[in-house]
Amino acid sequence: MNTEMRRNSIVVVANRLPIDETVAPDGVREWRRSPGGLVSALHPILREVRATWIGWAGGTGRAPELPDVDGVALRAVPLSTKEFHQYYEGFANSTLWPLYHDAVEQPVHHRRWWEAYQRINRRFAEMTAEVAEREALVWVHDYHLQLMPAMLRALRPDVRIGFFLHIPFPPAELFMQLPRRAELLRGLLGADLVGFQGRYGAQNFTQLANRLLGAQSRYPEIVFEGRVVRTGAFPISIDTAAMEELASRPEVVRRAAQIRADLGGPENVILGVDRLDYTKGIEHRLTAYRELLADHTLKVPNTVMVQVAVPSRERIEHYRILRDRVEREVGRINGEFGRVGVPAVHYLNQNFDRAELAALYRAADVMVVTPLRDGMNLVAKEYVASRVDGGGRLVLSEFTGAAAELRQAFLVNPHDLEGLKEGLLRALDADPADASRRIRAMRRYLRAHDVRAWARSYLTALDDSGALAAALNNG
Ligand code: ADQ
């Protein structure tokens, strides 16, 4: 098979398939493409080639047979209830997730979890080996599947393997805490290209390969077991044009006005939108807001805050504790500073559709994004792109990947409570002309650096034949 042919076939491997099972009111079950996320990012690319997506469909027990989604074949990997607990909630989300996010919560280690992680990675590798065409491109995503590249290489040395990590890759001091650190690193080094959100991650990885495995490395290349492994920074982005289009719709503009009216027509609306996760710094921003109310710098009902927190991973202890703490803080703020009919914080623990999110973004004078550590943070990018009116101000934590790109945001260190309060006030008090100049500059940046540009740059680096890049440029 010639090179031109082989690059016309791609396998995407991610823990989750890009679909959700929905149950209609009449009880009929059907699979729908998940909104947003990777699948929209990859859609324009997957359309041009023969594509298969391998991942978990969400339930436990037997894997369902799935229909193609927009021309992409889907293959479900089964997980038992025990495997879900040990591999997904356990090793992925209670060991790796906290450790890779600066250990802001204590990582939990269990040997059983590691065994399950190995077993599930092998299952993903075997299914990929079975479906990948000869010399296909395989693109593996995220921390759930770090052992998979090397396992796949052993089974299918002909395929070209890319890995992309969506979350931060930690510095050596933290990574070295992992009991099975060398194996994890060897797993990743099975790839031809290991991509990170930022340069720090790529450099941490390169140094560790050298220190732990004695690999010869000169950034961005690592020579390991006689092969060259490339690494690099590929900051992910959003579908900027789609966000702009959505935010410009008359019904979204009307809805944004309605939201402001429902909030009592305040002068300032401060907004937070996050998955309910302890890395997102939700409590830090609530505390900053409470103190600004307490010293009368801000007043209800002139200023109100809306905090949207999507429930996530609620069976894990850390998450349950966080939810209680956030709810207690919201209750405290409302108890002290709310008025009858006018809460100081509107707390919404729900999922919203894209149009409602866009309306919230457009209704907010100030968006506060304060993670203690975040690989990228797409919410910050979505907010900026939705401000087609040139309004809005973004307060952004320095510890997000997005901060390296959205330089015109009001950057803050969320650990520094005084600094966070000051950042909020700087944003609220900014001269409208200055605020609008900042938003416009960031919007320009996001137009040039959208999710398609991200996927194209990653796949161009992965595909040594150049054939895929040519197809993408024509497409
Ligand atoms: P996440 O930690 O999930 O992603 P983020 O990048 O902010 O964080 O993405 C969250 C997504 O969920 C956004 O697209 C947002 O619109 C959506 N969302 C948030 N609240 C919602 C709600 N109430 N209803 C519906 N949708 C909601 C991980 C990493 C990030 C990295 C991404 C992509 O932790 O650092 O940016 O992957 O690589």
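Sequence positions, counted from 1, serve as the residue numbers for this chain.
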Trp454 vs Trp139 aromatic rings, parallel, tilted or perpendicular, using cut-offs 30° and 60°? tilted
Is there a ring pair (Phe, Tyr, Trp, His ring centres under 6.0 Å) between His109 and Phe91 once you walk through the steps? CA-CA 8 Å; His109 299 281; Phe91 197 77; 7.9 Å; no
In this structure, which one of Ile161, Val138, Val159 forms a side chain to side chain contact (heavy atoms under 4.5 Å, CB included) with Thr128? Val138
Parallel, tilted or perpendicular, as decided by the 30° and 60° cut-offs, for the rings of Trp56 and Phe84: tilted
Aromatic rings Tyr319 and Tyr278: how do their planes relate, parallel, tilted or perpendicular, breaks at 30° and 60°? tilted
Looking only at atom types and distance, does a side-chain atom of Thr95 sit under 3.5 Å from a main-chain N or O of Val108, one as donor and one as acceptor? yes
Is it true that Arg323 and Glu327 make a salt bridge, defined as a side-chain N closer than 4.0 Å to a carboxylate O? yes
Arg285/Asp274 salt bridge by N-O under 4.0 Å criterion: yes
Under the salt bridge (Lys or Arg N to Asp or Glu O under 4.0 Å) test, which residues partner Asp142, sequence neighbours left out? none
Less than 4.0 Å between a side-chain N and a carboxylate O, is that true for Asp192 and Arg230? no
Tell me every residue that passes salt bridge (Lys or Arg N to Asp or Glu O under 4.0 Å) with Asp277, counting only those two or more places apart in sequence or in another chain. Arg275, Arg313
Salt bridge present between Glu183 and Arg186 (N-O < 4.0 angstrom): no
Is the closest side-chain heavy-atom distance between Val69 and Leu74 below 4.5 Å? yes
Looking at Glu89, is its backbone amide N or carbonyl O close enough to the side chain of Ser94 to form a donor-acceptor pair, meaning the two atoms are under 3.5 Å apart? yes
Between the side chains of Arg320 and Glu317, is the shortest nitrogen-to-carboxylate-oxygen separation below 4.0 Å, so that they form an ion pair? yes
Donor on one side chain, acceptor on other, His141 and His166, under 3.5 Å: yes
Is it true that Phe164 and Phe234 have ring centroids separated by less than 6.0 Å? no
Give a yes or no on whether a salt bridge exists between Arg290 and Glu336, defined as a side-chain N under 4.0 angstrom from a carboxylate O. no
Parallel, tilted or perpendicular: which one describes the rings of Trp113 and His110, with boundaries at 30° and 60°? perpendicular
What's the shortest heavy-atom distance between Glu135 and Asp158, and which atoms? N-OD2, 2.8 Å
Suppose we screen for side-chain hydrogen bond (donor to acceptor under 3.5 Å, both in side chains). Which residues come up paired with Glu382, at least two apart in sequence or across chains? Arg354, Tyr361
Compare all side-chain heavy atoms of Met148 with those of Arg122 and state whether any distance is below 4.5 angstrom. no
Between Glu221 and Arg218, does any side-chain N to carboxylate O distance fall below 4.0 Å? no
Would you call the rings of Phe175 and Phe169 parallel, tilted or perpendicular, taking 30° and 60° as the class edges? tilted
Minimum heavy-atom separation for Leu17 and Arg75, please, with both atom names. CD2-O, 3.8 Å
Exactly one candidate in Leu459, Asp463, Thr52 meets side chain to side chain contact (heavy atoms under 4.5 Å, CB included) with Ile10; the answer is Leu459
